[in-house]
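Below is one structure, written out as structure tokens; the observations come after it.
The figures here come from the full heavy-atom set of this structure, side chains too, leaving out hydrogens, waters and symmetry mates.
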Amino acid sequence: MRLDALERQAETDGPLQRLDARIKIVATLSFVVAVVATPVGLWRPLVVEALILSFIVGLSQIPPRELIGRWLGFVVLVGFLAAMVAQSHPDRVRLGPFAVWLSILSKNSLAFVSVLTLAGTTPFRRVLVGLGRLGMPTVLVSTLHFMGRYLHVLFDEMARMTQARRSRTFRRSGRLDWGLLTGLIGMLFVRSFERGERVHAAMLARGWDGTIRTLDGADKT
């Protein structure tokens, strides 16, 4: 499986990378809950949480450019949604729509960066092992495992379908309209479903018993 920048960073030997995955998962979830529970308009708790997260990011040794690049792609969508929520938020009269918008955007950004930090300090396979040891149902862990394992296969399949469609469509622009795009998505779903059935049948033929075994010496049952 091809690793992106965060996955490669998670394989390095840093102080946070050496921690048990369960500790990092619980700490991340606790931080996200604390951020979400912070009332809108209370800036001091948000500043404290931002300082704590900045310290953790510094320990993680993740290049800030990686986090900022991913955050910029996230902030556009969340900023738009926060603007819609701010117009009908109960505190918009007391604080003003802009303050409500900024508070919602800040809280979502802190939660998002904390999850990115977890991804950048813990390989995906160790996250799955940690979730299993924390009591997550086996079916969910297995689903996440195969999703991460075969996600790049779906992207490659989509790229081939898009290229084939463009080679058969004579137009100046290389962009696909909504009709063609929805057709490709539907065909990708059908092919993914058929591939999943073939993979499942092959796994059963090879003795699949629902247990995910890793090279780290930790099995997920």
Side-chain angles (χ1 to χ4, degrees), residues 1-38 45-46 48-71 73-74 78 106-155 192 196 199-200 202-204 206-221:
M1 181 176 179
R2 292 174 294 186
L3 300 176
D4 59 7
L6 282 180
E7 188 72 11
R8 290 193 299 270
Q9 179 65 35
E11 298 287 354
T12 60
D13 186 21
L16 291 185
Q17 282 80 350
R18 293 191 294 266
L19 282 179
D20 190 286
R22 291 171 292 180
I23 298 176
K24 290 181 282 189
I25 293 172
V26 172
T28 301
L29 291 178
S30 301
F31 181 82
V32 170
V33 170
V35 169
V36 172
T38 302
L46 284 179
V48 173
E49 291 161 354
L51 291 175
I52 294 174
L53 183 58
S54 300
F55 176 74
I56 297 299
V57 170
L59 287 179
S60 69
Q61 301 178 356
I62 301 175
R65 181 173 54 187
E66 295 291 339
L67 295 178
I68 293 175
R70 295 171 185 271
W71 175 78
F74 166 83
V78 175
S106 301
K107 292 168 63 176
N108 281 274
S109 297
L110 289 175
F112 180 71
V113 173
S114 67
V115 174
L116 286 182
T117 305
L118 173 65
T121 57
T122 314
F124 188 61
R125 66 182 186 278
R126 294 182 183 173
V127 171
L128 294 179
V129 172
L131 290 174
R133 290 178 175 176
L134 289 173
M136 176 173 281
T138 304
V139 126
L140 293 181
V141 176
S142 300
T143 301
L144 291 174
H145 172 81
F146 290 112
M147 180 193 71
R149 184 171 183 178
Y150 289 101
L151 189 61
H152 71 281
V153 176
L154 299 184
F155 280 115
S192 302
V199 170
H200 183 252
M203 292 171 58
L204 292 179
R206 290 167 173 81
W208 165 254
D209 59 357
T211 301
I212 296 177
R213 297 176 174 85
T214 70
L215 295 178
D216 295 328
D219 294 353
K220 172 66 195 80
T221 57

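Note that OG1 of T122 is 3.0 Å distant from NZ of K24, once rounded to the nearest 0.5 Å. A distance of 10.0 Å separates CG in L51 from CD in E49, rounded to the nearest 0.5 Å.
In terms of heavy atoms, F31 sits closest to L53 at CZ-CB, 3.9 Å. Nearest approach of A21 to G130, heavy atoms of both residues: CB-CA, 4.4 Å. Here the closest heavy-atom approach between residue K107 and residue T38 is recorded as NZ-O, 2.8 Å. In this structure, G120 and I62 approach most closely via the heavy-atom pair CA-CD1, 3.7 Å. In this structure, S60 and T121 approach most closely via the heavy-atom pair CB-CG2, 3.5 Å.
Residues satisfying the side-chain hydrogen bond (donor to acceptor under 3.5 Å, both in side chains) test with T28, not counting sequence neighbours, are none. Remark: V26 engages S30, L134 in a side-chain contact (heavy atoms from CB on, under 4.5 Å) (not counting sequence neighbours). Take L140 and apply the side-chain contact (heavy atoms from CB on, under 4.5 Å) test, not counting sequence neighbours, and it matches M136, P137. With sequence neighbours excluded, the residues that form a side-chain contact (heavy atoms from CB on, under 4.5 Å) with L204 are H200, W208. Judged as a side-chain hydrogen bond (donor to acceptor under 3.5 Å, both in side chains), and not counting sequence neighbours, the contacts of S109 are W71. Under the side-chain contact (heavy atoms from CB on, under 4.5 Å) criterion, R18 pairs with D13, P15, sequence neighbours left out.
Side-chain contact between L19 and L16: present, with at least one pair of heavy atoms (C-beta onward) separated by less than 4.5 Å. Side-chain contact between N108 and F74 is present, with heavy atoms from C-beta onward closer than 4.5 Å.
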